[in-house]
Novice: 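My questions all concern the structure below.
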Amino acid sequence: MVDNPMDFSKIEKKWQKRWEEKKIFEVKEDSKKKKYYVLEMFAYPSATGIHMGHSFNYTIGDIFARFKIMNGFNVLHPVGYDALGLPAENAAIKDGTHPEEYTNKSIQNFMKQQKGLGLTYDWTRLINTANPDYYKWDQWIFLKMFEKGLAYQKTSAVNWCPSCATVLANEQAQDGTCDRCDSPVEIKHLKQWFLKITDYADELYEEVDKLDWPDKTKAMQKNWIGKSHGTEIDFEINGEKWPIFTTRPDTIFGVTFMVVSAQHTKLMELVTKEQKKDVEKFLKKLGSVSEKEQADMEKEGVFTGSYATNPANGAKVPVCAGNFVVADYGAGMVMAVPAHDQRDFEFAKKYGIEIKQVISGKISPTRAWTDSGKLINSKEFDGLENEKAKAKITDWLIKKKIAKRVVNFRLRDWGISRQRYWGTPIPIIYCDKCGAVAVPEKDLPVELPKKVKFGEGNPLETNKDWIKAKCPNCGGMGRRETDTMDTFVNSSWYFLRFCDPHNDKAIFDPKKVSYWCPVDLYIGGAEHACMHLIYHRFYTKFLADLGLIKFREPTPRVFHQGMINDEKGEKMSKSKGNVVEPLETMATYGVDTTRHFLVSVASPDKGFNWSYNGIAGSLRFTRRVMEYFSNAKDGKDSPEIISKLNQIIKSVTEDYETLQYRKATIELKELLDLMDKSPVSKDTKEKFLKILSPICPHITEELWEKMGNKGFLSLEKWPDYKEVKQKEKANIDENIIGYVSEILKKVEQKQEVKKIFIYVVPFELPLIKQDKIKKAFKQEVKIFSLSDKNKYDPSERASRAVPGKPAVYFE
RNA sequence: GAGGGAGUAGCGAAGUGGUCAAACGCGCGGGACUCAAAAUCCCGUCUCUUCUGAGUUCGGGGGUUCGAAUCCUCCCUCCCUCACCA
């Protein structure tokens with residue numbers, strides 16, 4: 001730790017106050033100005049306040065917003081809170097505080113802290129998702145989806161914690177235990193609400209390629225959606241057609257059994273009387289393990305008693321129920337080809353089922369042959385390359401009308417039901433006569449009841465007054481849906497609401513949205529690569545289909561900041577006691593110093609380890625800036641400064657644009673070093689302040705004022721720079737003559753020179769005027785290209801030639 | 001198992017075909033200032049050196065090229081994500 005003798009906090013408070021008073025970051029639509037929408041991912045306000053990761057995230061976005069403001073853009077940079085969700089409810093259960101109270105406190109805390117960072121937020125656009133004015137529109141979108149058949153109910157398995165009497169998300173049920181109380185998780189089947197995101201699977205998949213997102217994130221999204229082309233083939237079982245999905249129709253002659261998922265809804269139709277007991281025993285065993293555990297289990301199964309007919313060769317093969325087939329992917333049943341699929345292979349080995357090879361290749365005692373090869377044992381298809389056979393066999397089966405080409409996705413519909421209080425109520429009323437009925441739009445929002453009891457399951461369910469509701473259809477007595485929505489619903493469209501946050505007539509004014517959207521730069525952690533970033537794309541596409549918006553991708557450019565760990569490289573956590581508090585740090589070193597440090601260690605997408613020595617380095621820099629401006633006198637710019645300044649402004653501008661802030665800090669330091677060495681003009685100093693301003697907004701604002709300027713530096717125009725010309729190309733001959741003469745002078749002192757050999761880089765040879773160079777010297781001059789291997793002695797040294805600096809020999 | 005990313009000086013980290021022994025920061029060494037220290041500033045920090053250069057480097061091997069840290073290929077190591085998706 002280093003003492004900080006300079007009192008930055010006074011300067012910080014002064015400028016934060018002025019920015020707020022003059023409302024300089026509040027924005028309105030302005031058709032004359034180009035817009036830019038910078039957004040950091042929605043934060044969950046927790047009682048513990050902001051941590052270093054938040055600060056890093058905000059700093060990255062804020063630097064960018066400031067840069068864009070100074071470049072003349074109308075910048076929308078809003079902030080809001082994703083306030084509904086589990087943590088508030090957990091706190092309520094634990095401490096007895098009402099979630100609303102907890103949330104409001106947390107938000108107040110967050111706001112205070114964020115304001116201390118001097119961020120360019122337009123605070124008038126604040127969103128709090130726990131506010132009925134906001135979640136009313138969650139409900140509105142839900143109703144639209146319900147109307148279009150995109151919101152529907154089905155029974156599905158959930159992770160259930162018997163001790164907390166609640167449903168757990170997959171993340172909360174890792175290792176098969178509840179992450180709060182460690183009780184073993186059970187599987188329970190409940191009727192739940194789903195959003196039909198799979199209707200958009202293909203578009204979601206295909207449009208990933210168009211996005212300017214990190215490659216890794218794009219790959220993850222594609223994997224998650226998982227598009228695969230294959231063939232659906234009907235197998236006959238007990239006189240009925242049962243389709244299966246396969247990507248390997250070429251192996252159909254090698255099918256020796258079938259496996260139906262143990263969770264298949266129609267499993268019992270396949271089970272014969274004799275086998276019923278065995279199957280039930282098997283299911284019972286499976287029922288006690290979670291899905292996660294099943295993944296680690298050995299492949300197991302049980303014979304159902306039924307046989308399937310292979311449509312390719314008429315062979316009768318047994319149908320088994322198995323633990324390794326996913327019920328809701330494909331048809332929930334597979335044709336098993338143990339010779340060429342590792343899972344089927346293991347299963348067949350275990351139960352002694354025949355392994356029939358149909359593709360040439362070597363099957364080892366432990367591994368199936370899953371590579372390519374030629375078909376064997378496949379009748380008329382023998383000898384075909386298996387890749388070609390896929391198409392041929394599919395065509396053959398299609399002709400027989402028992403197959404079709406299909407595309408399957410691994411993406412599942414989005415289950416949004418949560419048996420929780422602190423979420424958006426699902427606007428549905430159940431009526432004995434009419435079933436599930438939508439709450440009419442005029443009755444929105446369905447508000448959460450204020451009075452609730454925690455600790456006895458879902459507080460909505462135990463609230464008898466709230467549940468009672470008239471059926472909107474028949475007027476009879478009904479009951480409200482007590483499930484609330486997944487919080488990811490709230491963050492799926494909030495970026496739209498920021499464009500028109502106080503609209504009480506509509507979800508938003510399409511005109512406003514079409515001015516600001518899509519989001520030009522979206523910044524947040526990579527952990528949202530699969531869930532949030534898919535959901536908000538889905539919502540966007542749905543709203544576009546409703547005709548409310550004109551774009552189909554919400555965030556064409558996404559940036560992930562890296563993780564900040566402690567000095568040893570370990571993750572910061574309360575329990576380890578290694579948390580570096582951003583606010584303490586800022587109080588000690590100053591906000592600008594901290595901002596500078598956060599972006600000066602590594603490029604922001606990489607993350608880094610915290611270092612007190614490192615931030616001392618940033619402090620040296622900010623202090624030097626302050627001292628320089630209070631001491632240095634104005635002078636005249638040297639030509640060196642002018643060209644360097646130009647060059648630095650150019651590259652710093654590019655660095656900001658590409659978020660390579662670290663490079664910018666290096667070049668800013670270089671410029672400061674230069675200014676320190678020789679006097680520079682006031683203009684140069686001002687330019688320096690301007691280009692430093694996005695990273696260090698407070699001190700630069702102060703110094704700007706001290707230089708006698710009025711108004712805000714934050715709103716000043718970004719300095720221009722002249723394109724640095726590549727003069728090398730224009731004066732290539734001159735350069736070479738100059739370079740060679742210089743060396744010649746030295747050499748002539750030692751020896752007499754009769755011949756000069758010049759080796760230039762290949763691409764230069766056609767560009768230079770050889771005559772001109774030859775005339776410049778009284779000696780005989782020979783010019784070669786480095787690629788002329790068989791010309792005069794291209795010894796190793798010749799290869800030292802670089803553009804503008806040829807290799808030279810004298811004789 | 002599948003996919004993604006990374007390996008550069010004591011450490012962090014730039015550099016993505018030529019001007020690279022490699023910016024910048026930290027650390028370390030020396031110096032200035034000081035009675036002294038802290039802070040600050042200057043110089044140095046791969047090896048050798050006649051201080052002007054020379055040599056060996058960018059996980060390892062092979063290749064392309066006049067020229068490779070940078071392109072291709074194989075291998076090794078590490079990190080992350082999804083994992084029974086037929």
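Please read all numbers here as calculations on a predicted model, not as lab measurements. Letters A, B, ... mirror the listed sequences (proteins, then strands); counts begin at 1.
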Novice: To the nearest Å, give me how far apart CD (A:Q221) and P (B:U81) are.
Specialist: 16 Å
Novice: Distance check: side-chain N/O of A:R620 vs OP1/OP2 of B:C26, anything under 4.0 Å?
Specialist: yes
Novice: Counting only Watson-Crick or G-U wobble pairs whose two distances fall under 3.5 Å, which nucleotide matches B:U40?
Specialist: B:A32
Novice: Is it true that atom NZ of A:K196 has more than 12 heavy atoms of other residues, nucleotides or ligands lying nearer than 6.0 Å?
Specialist: no
Novice: Roughly how many Å apart are B:A9 and B:C24, using the C1' atom of each and rounding to a whole number?
Specialist: 14 Å
Novice: Quick check on contacts: within residues 223-235 of chain A, what sits under 4.0 Å from RNA chain B by heavy-atom distance?
Specialist: A:N223, A:W224, A:S228
Novice: Figure out the NZ/P separation between A:K218 and B:A2, and round it to whole Å.
Specialist: 23 Å
Novice: Quick check for you: among B:A86, B:G18, B:C41, whose closest atom lies nearest to any side-chain atom of A:R624?
Specialist: B:C41
Novice: Taking only nitrogen or oxygen atoms into account, show me every contact under 3.5 Å that the protein makes with nucleotides 21-23 of chain B, one pair per line with its distance.
Specialist:
{"unit_1": "B:A23", "atom_1": "N1", "unit_2": "A:R662", "atom_2": "NH1", "d": "3.0"}

Novice: Base, sugar-phosphate, or nothing for A:G617, non-hydrogen atoms under 4.0 angstrom?
Specialist: sugar-phosphate
Novice: To the nearest Å, how far apart are A:R623 CZ and B:C41 C1'?
Specialist: 13 Å
Novice: Could you tell me the separation between the CE atom of A:M563 and the P atom of B:G12, rounded to a whole number of Å?
Specialist: 18 Å
Novice: For A:S603 and B:A14, is the shortest distance between a side-chain N/O and OP1 or OP2 below 4.0 Å?
Specialist: yes
Novice: For B:A6 and A:K216 - does any side-chain N or O of the residue sit under 4.0 Å from the phosphate oxygens OP1/OP2?
Specialist: no
Novice: Between B:C84, B:A86, B:C82, which nucleotide has the shortest distance from any of its atoms to the side chain of A:V325?
Specialist: B:A86
Novice: Which is it for A:Y612 and A:T588 under the side chain to side chain donor-acceptor pair (under 3.5 Å) test, yes or no, and what are the steps along the way?
Specialist: CA-CA 11 Å; A:Y612 284 102; A:T588 312; over 6 Å; no
Novice: Round to a whole Å and report the spacing from CE of A:M531 to P of B:C82.
Specialist: 10 Å
Novice: State the pairing partner of B:U52; accept Watson-Crick or G-U wobble contacts with both distances under 3.5 Å, and report none otherwise.
Specialist: none
Novice: Searching all strands shown, indicate the nucleotide that pairs with B:G62 (Watson-Crick or G-U wobble; both distances under 3.5 Å).
Specialist: B:C72
Novice: Return the value, rounded to whole Å, for the distance between atom NZ of A:K606 and atom C1' of B:U8.
Specialist: 12 Å
Novice: Counting just side-chain N and O atoms, does A:K669 come under 4.0 Å of either OP1 or OP2 of B:G25?
Specialist: yes
Novice: Write down the partner of B:C26 under the Watson-Crick or G-U wobble criteria, each distance required to be under 3.5 Å.
Specialist: B:G10
Novice: Below the 4.0 Å mark, does B:G15 have OP1 or OP2 next to a side-chain nitrogen or oxygen of A:Q660?
Specialist: yes
Novice: Answer with yes or no whether A:K663 presents, from its side chain, a donor or acceptor under 3.5 Å of a partner atom in the base of B:C24.
Specialist: no
Novice: Heavy-atom contacts under 4.0 Å between residues 246-262 of chain A and RNA chain B, which residues?
Specialist: A:T246, A:T247, A:R248
